[in-house]
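Order of the sequence lines fixes the chain letters, A, B, ..., with proteins taken first and strands second; residue numbering starts at 1 for each chain.
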2 protein chains.
Amino acid sequence: MSTPFVPASTAEIHRRWLYRRHPAGVVGPEHYELVEAPLSLELSDGEALVRMRYVSVDPYMRINQSLKPTYNELPHALDTVQTAGAVGQVVASKSAAFAPGDWVEGMMGWQTHARVHQGALRKLDPALAPVSTALGVLGMPGRTAWFGLTESGRPHAGEVVVVSGAAGAVGSLVAQFAKRHGCRVLGIAGGAAKCDWLTGTLGLDWALDYKAFESADALSAAIKQRTGGVDVYFDNVGGWITDAIIPIINRRARIVICGTISQYSGGLDVPELGPRFLHHMLYQRATIQGMLARDYLHRMDEMIRITGPWVQRGEIVFEETVVHGFDKLPATLNQLFTGDHRGKLLVEV
Amino acid sequence: MSTPFVPASTAEIHRRWLYRRHPAGVVGPEHYELVEAPLSLELSDGEALVRMRYVSVDPYMRINQSLKPTYNELPHALDTVQTAGAVGQVVASKSAAFAPGDWVEGMMGWQTHARVHQGALRKLDPALAPVSTALGVLGMPGRTAWFGLTESGRPHAGEVVVVSGAAGAVGSLVAQFAKRHGCRVLGIAGGAAKCDWLTGTLGLDWALDYKAFESADALSAAIKQRTGGVDVYFDNVGGWITDAIIPIINRRARIVICGTISQYSGGLDVPELGPRFLHHMLYQRATIQGMLARDYLHRMDEMIRITGPWVQRGEIVFEETVVHGFDKLPATLNQLFTGDHRGKLLVEV
């Protein structure tokens with residue numbers, strides 16, 4: 001990064017976004033509150049003070065706001081800083097592992113500064129790729145895409161891979177990784193512009209705009225007509241798009257449940273109704289497997305060994321939509337569910 | 001078998017049940033017709049003539065009557081003999097592999113006699129177990145239970161295994177095989193008598209009568225209270241019972257889809273609606289896998305090597321409900337969906 005390093009100062013303001021209210025539907029700024037205080041430079045042994053540069057917004061944040069048990073036993077605590085991955089620069093350190101000026105990534109939350117134990121930080125190499133990629137292609141979304149596809153999807157050359165949410169942070173990577181496996185790939189996204197990007201820029205075999213279909217049956221027929229049937233379905237969205245795919249899976253298909261974003265604005269608390277489909281699993285002896293990025297955290301090095309050089313050589317398209325301004329964080333989270341971004345959505349502090 | 005062998009004779013009547021009409025709901029006698037003709041003794045080289053003793057009725061028969069594609073591309077052809085597993089005795093042979101008097105099993109259909117190529121017959125050892133077991137514990141249901149549990153369920157000692165349709169031909173075996181793996185096993189069945197049998201005779205840890213519950217939530221709470229959560233769910237029924245289990249699966253649970261009998265009387269053609277649940281797969285990183293007995297046909301010897309001695313030593317409870325009379329076949333098939341039998345339902349010719 002070319003930005004000159006500025007040491008920490010008590011003149012800085014420590015800004016934090018607190019999660020204040022549970023959303024019943026779509027999450028937005030009304031559920032958060034911005035609080036400010038003078039920055040404390042206090043550190044214990046083994047800790048570093050980090051000044052944030054990029055803060056992430058991710059769909060999982062809304063899962064953690066569900067009032068029912070999720071992958072966490074309890075929902076995100078009210079009146080605490082919104083949990084989030086972030087990238088920043090060490091500006092003071094009592095850790096031998098981190099020096100002022102180092103770039104780091106960690107679950108530092110929606111705040112301008114964080115006092116973090118060294119064990120919760122990952123040092124970044126700015127020479128490998130821009131540090132923002134630690135929240136995208138070389139971070140959690142990349143890990144989700146790589147291990148979800150390889151470990152749960154298990155794609156083979158010649159197979160048909162369908163990706164929903166294909167223009168998103170995870171989906172756009174899954175689609176490209178599947179192409180590298182020799183698969184024929186169909187992406188599903190909202191709007192003609194995203195679909196043009198999927199075929200034109202990402203090189204997918206097919207892209208379908210789900211907004212152009214009246215029903216699951218119509219979408220199903222269009223996918224079947226193009227692909228002949230689906231071997232791997234990488235699902236980021238759930239709901240009626242998933243209903244369209246399950247009846248056209250091939251023998252021994254693998255369905256990867258990476259996300260169900262269509263259900264994240266209420267459906268996790270009170271489930272939507274949809275057509276029962278388990279008989280299709282029987283007919284095709286197919287597998288559905290849920291996966292979470294956290295299960296592969298200890299295998300980050302494997303992913304970076306393989307995908308890092310692709311990123312460095314410019315062979316992977318990873319679009320970042322960067323929103324400028326720490327104050328825009330809750331509105332940007334809301335955009336995940338209502339907006340029209342491509343690739344990874346980030347806030348630059 | 002103590003029955004004296006009677007050679008084939010043209011004086012015998014060849015009776016066949018033809019599948020005549022597609023059922024919209026529950027299948028029954030009105031969808032079949034019994035036809036009779038003098039028995040032909042004609043055989044080509046490599047063929048045997050078999051006189052049936054036991055003919056099977058199985059839930060999959062109703063799947064094959066669905067008008068939508070299933071595991072077969074086309075539904076069961078009208079005006080042909082109902083496909084079925086059967087056990088009989090060779091009464092004439094032009095095959096070096098089979099001699100008159102041999103007991104055999106094969107997909108010989110709902111008929112009193114069948115002319116069968118030797119490649120479609122499996123010779124039975126009447127000294128190992130009664131020949132009727134070739135349609136039950138040592139046949140397709142046993143294979144389904146064994147490989148469904150071991151290959152898809154992958155149970156471990158100490159885990160909780162829940163079996164729906166636990167008093168049925170497959171379920172009652174799954175439950176006992178799971179106990180042998182050191183699992184704690186809860187069976188779900190209809191009626192107090194079946195539940196008493198599951199705990200008293202089969203030795204399950206718990207049994208629940210689903211008919212005693214008002215809702216999926218109530219059943220779910222009762223299972224959770226007893227087991228603490230579910231590691232393996234072996235599903236024979238689908239529908240609301242499955243809805244009760246999915247929210248209480250444990251981390252990395254395995255759900256085996258062996259059948260969805262609650263949906264076999266119309267729901268395969270026009271799917272019922274049920275609550276969406278894929279988010280639970282995500283939360284628990286769980287797996288759903290469909291399985292069919294046919295995929296393990298080539299591994300029958302493995303199963304018999306392991307379970308055959310258990311059966312021979314009387315260590316496995318395998319109840320057979322034997323209906324007497326070839327003319328009762330369609331009514332007996334109907335009983336699968338409406339009746340109250342335990343274990344394997346069979347017709348003795």
When the 4.5 angstrom heavy-atom criterion is applied to A:E272 and chain B, the contacting part is both

Value for OG1 (B:T287) from CD1 (A:I288), rounded to nearest 0.5 Å, stands at 9.5 Å

dist B:T70:OG1 -> A:Q284:CD (nearest 0.5 Å) comes out at 9.0 Å

With chain B, the option among A:P271, A:P275, A:G238 that has the most non-hydrogen atom pairs under 4.5 Å is A:P275

The interface call for B:R254 against chain A, heavy-atom contacts under 4.5 Å, is neither

Looking only at A:L278, A:V256, A:T260, the option with the highest number of non-hydrogen pairs under 4.5 Å against chain B is A:L278

dist A:Q289:CD -> B:L282:CG (nearest 0.5 Å) comes out at 11.5 Å

Non-hydrogen side-chain atoms of B:L268 and A:Y283 separated by less than 4.5 Å | yes

Q | Pair B:D243-A:R276, side-chain contact (heavy atoms from CB on, under 4.5 Å): steps then yes or no | A | CA-CA 10 Å; B:D243 297 340; A:R276 296 194 183 281; 2.8 Å; yes

So, the part of B:T242 with a heavy atom under 4.5 Å from chain A: the answer is side chain

Taking side chain as C-beta onward, heavy atoms only, is B:R294 less than 4.5 Å from A:R285?
yes

Bottom line for A:I63: the part with an atom under 4.5 Å from chain B's heavy atoms is side chain

Cut-off 4.5 Å, heavy atoms of chain B, and the answer for A:P247 is neither

Taking the basic N atoms (NZ, or NE/NH1/NH2) and the acidic carboxylate oxygens, is any pair closer than 4.0 Å for B:D295 and A:R251?
no

In this structure, NE2 of A:H280 is separated from NZ of B:K68 (nearest 0.5 Å) by 7.0 Å

